[in-house]
2 protein chains.
Amino acid sequence: MTPKQKRVLDFILGFVEEHGFQPSQMEIAQGCGFESLGTVQHYLRSLERHGLLARQANAKRGLQLTANPPCLPFAKGATLTAGTIAKGGTVTPPPLGANVTFLELPLVGIVAAGKPVHAFELADAIEVPSAMAGPGNVVYEVRGDSMVEMGIMDGDYVAVHPQSVAENGQTVIAEVNGSITIKKYQRKGNIIQLLPANAAMSPIMVTEDDEFHIRGILVGSMRFYRKWTGKSST
Amino acid sequence: MTPKQKRVLDFILGFVEEHGFQPSQMEIAQGCGFESLGTVQHYLRSLERHGLLARQANAKRGLQLTANPPCLPFAKGATLTAGTIAKGGTVTPPPLGANVTFLELPLVGIVAAGKPVHAFELADAIEVPSAMAGPGNVVYEVRGDSMVEMGIMDGDYVAVHPQSVAENGQTVIAEVNGSITIKKYQRKGNIIQLLPANAAMSPIMVTEDDEFHIRGILVGSMRFYRKWTGKSST
DNA sequence: CGAGGATACTCGTAAGTTTTTCGTAAGTCA
DNA sequence: TGACTTACGAAAAACTTACGAGTATCCTCG
């Protein structure tokens, strides 16, 4: 982004902050010292291409800022109003004041995909699609790379359905000697193995001496990217 | 919201504050300097559409202000909104300032992570956490394995923020000769490359002869697992 | 180092749309 | 009936879009 572009963006931002509504193109021109609307037009298009701004066609003052999207604008527990997309594609605005509670799951621990880390509890919450929600479900943040071959990477969030038994091949979140880890479950007779999905790592053998129990199995995973890098984040 | 609309709203707000009851339409007209009731009528409808006001049909002084009124929706100018899917695949934004955060984004196509597949439009919607929502954002379903090393696998859903330019290293959803694909973006001078995250695949070179444009960049990804298998699904 | 080529930046004007406004007539409610 | 609220229709004003074109800057390459 060029300095000029940033200036225009900042102007819009400040204008909205001050007035409570979006500036018209003429106001932007005056505010930024442009003689021509064409110039404003140019910058608006430019910002739009960069994804920092969205415009509604032909709408007066129809600018919508997206710059540094307030990543988690709503505190946990906040209730928001939701809309539905009806079949056929029209957006049905929600009935006024119909508050829908967000689907949030508690974030209760950090899972080690590599070496087990000590289990600890967090008092936080993560929004999830309803398909990942369910009674008792919780979200873990993944630490380590042992599941990369299954597409679960360091920093990912996984939604977990609580249950204490598993079938072979399922991905489980399990506690082994006080440490919590995410692995594939494999059992033959009395021999339980926790298999990583990473060729560079070796399975964990669970013996009778180990304190072991399954916390739940994987029902979903999510990853958030920062706009300005290609990297995973949070 | 336009300045006039805001002024009417502010007037009503102030009137209620001062008198303890709602103004009649005539009082609004006088207070805001309108000659005609039709004008008031117009604004009332407008505010109602924006969800800032509710009216009881035919009730005298039957205006009801929405809770926590003008603060959130417009203040930031960055309302989180999703769009509608029109036939043919264009996404139309919802009415300005609609006071809603959508939990759903339109699912508009299937991205090829391996070989590009032909772009096609779907009329469906996918729930996402609000951190993945934003004006114009859409969701794609991933086909192919070219991004496995970044943890994006066949069947995953990716949330995309629309923009037509990208910086080196960002993961983009791009259209090349009518096919749509997800790759890492790399540009040196005039040479644009689309790099897969899979050692077994080779980059796509974009030449001047190719019809090429970026649809957006990656902001999030999700995967759903079936409970009774360990496999990815849907 | 200079030429050539992209990119950023700027102006103006002529459509094309939406908002804003007025007035008048009809419908409601107590 | 009186006091309000709804319902068009229509014209002016305010804004947004669509071109077309002309500088200035920076970078690359021979």
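Everything numeric in this text was worked out from a predicted model, so none of it was measured.
In the set dG12(C), dC29(C), dG23(C), the nucleotide with an atom closest to the side chain of Glu35(A) is dG12(C). Taking only side-chain atoms of His42(B), from C-beta outward, the nucleotide of dT20(C), dG2(D), dA14(D) with the closest atom is dT20(C).
Between the CG atom of Asn58(A) and the C1' atom of dC15(D) there is a distance of 10 Å, given to the nearest Å. Here the P atom of nucleotide dC4(D) and the CD atom of Gln22(B) are 14 Å apart, to the nearest Å. Taking atom CD on Gln30(A) and atom P on dT16(D), their separation rounds to 12 Å, with Å as the unit. For His50(A) and dT7(C), the NE2 to C1' distance is 11 Å, given to the nearest whole Å. Rounded to a whole Å, the CD atom of Glu48(A) is 13 Å from the C1' atom of dT16(D). Rounded to whole angstrom, the span from the CE atom of Met26(B) across to the P atom of dT6(D) amounts to 14 Å. Straight-line distance from the CZ atom of Arg7(B) to the P atom of dT19(C): 19 Å, rounded to whole Å. Summarising the geometry, the separation between CG on Leu37(A) and P on dA14(D) is reported as 14 Å, rounded to the nearest angstrom.
Side-chain N/O atoms of Lys4(B) include none lying less than 4.0 angstrom from OP1 or OP2 on dA14(D). Regarding contacts with the backbone of dA7(D), a side-chain N or O of Arg45(B) is found under 4.0 angstrom from either OP1 or OP2. Contact check, Arg55(A) against dT16(D): no side-chain N or O comes under 4.0 Å of OP1 or OP2. A sub-4.0 Å separation between OP1 or OP2 of dA7(D) and a side-chain N or O of Gln41(B) is absent. The side chain of Thr39(A) places no N or O atom within less than 4.0 Å of a non-bridging phosphate oxygen (OP1 or OP2) of dC9(C). The phosphate of dC9(C) (OP1 or OP2) has a side-chain N or O of Thr2(A) nearer than 4.0 angstrom. Within the 4.0 Å cut-off from OP1 or OP2 of dT10(C), at least one side-chain nitrogen or oxygen of Tyr43(A) is found. Phosphate contact (OP1/OP2 of dT20(C), side-chain N/O of Gln5(B), threshold under 4.0 Å): present.
Defining each end axis of the helix from dC1(C)-dG30(D) to dA30(C)-dT1(D) as the rotation carrying four pairs' C1' atoms onto the next four, with five pairs an end, the two axes are found to diverge by 50° to 10 degrees.
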Legend entry - Working for side chain to side chain contact (heavy atoms under 4.5 Å, CB included), residues Leu52(A) and Val8(A): CA-CA 11 Å; Leu52(A) 297 163; Val8(A) 172; over 6 Å; no
Inset, instruction - Please report the C-alpha distance between Met132(B) and Asn137(B) in whole Å, then the side-chain angles of each, then the deciding distance to 0.1 Å, and finally whether the side chain to side chain contact (heavy atoms under 4.5 Å, CB included) criterion is met. - result: CA-CA 8 Å; Met132(B) 294 187 193; Asn137(B) 282 18; 5.6 Å; no
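Shown are Gln22(A), Arg61(A), His19(A); of these, the side chain to side chain contact (heavy atoms under 4.5 Å, CB included) with Pro3(B) is made only by Arg61(A).
Between the Arg223(B) side chain and the Gly151(A) main chain, a donor and an acceptor come within less than 3.5 Å of each other. Between the side chain of Gln163(B) and the backbone N or O of Ile217(B) there is no donor-acceptor pair closer than 3.5 Å. Counting only distance, with no hydrogens or angles, the side chain of Asn198(B) and the backbone of Asp145(B) share a donor-acceptor pair below 3.5 Å.
Nucleic acid contact class of Arg187(B) (heavy atoms, under 4.0 Å, all strands): sugar-phosphate only.
Residues Glu27(B) and Ser36(B) both approach DNA chain D. Their nearest nucleotides, taken by heavy-atom distance, put Glu27(B) toward the 5′ side.
Using a 30° and 60° split on the angle between ring planes, Tyr185(B) and Phe212(B) fall in the parallel class, below 30°. Between Tyr157(A) and Phe224(A), the ring planes lie perpendicular to each other; the angle is over 60°, past the 30° to 60° tilted range.
At a cut-off of 3.5 angstrom, counting only N and O atoms as typed in the model, there is no donor on one side facing an acceptor on the other between the side-chain of Lys60(A) and the base of dT19(C).
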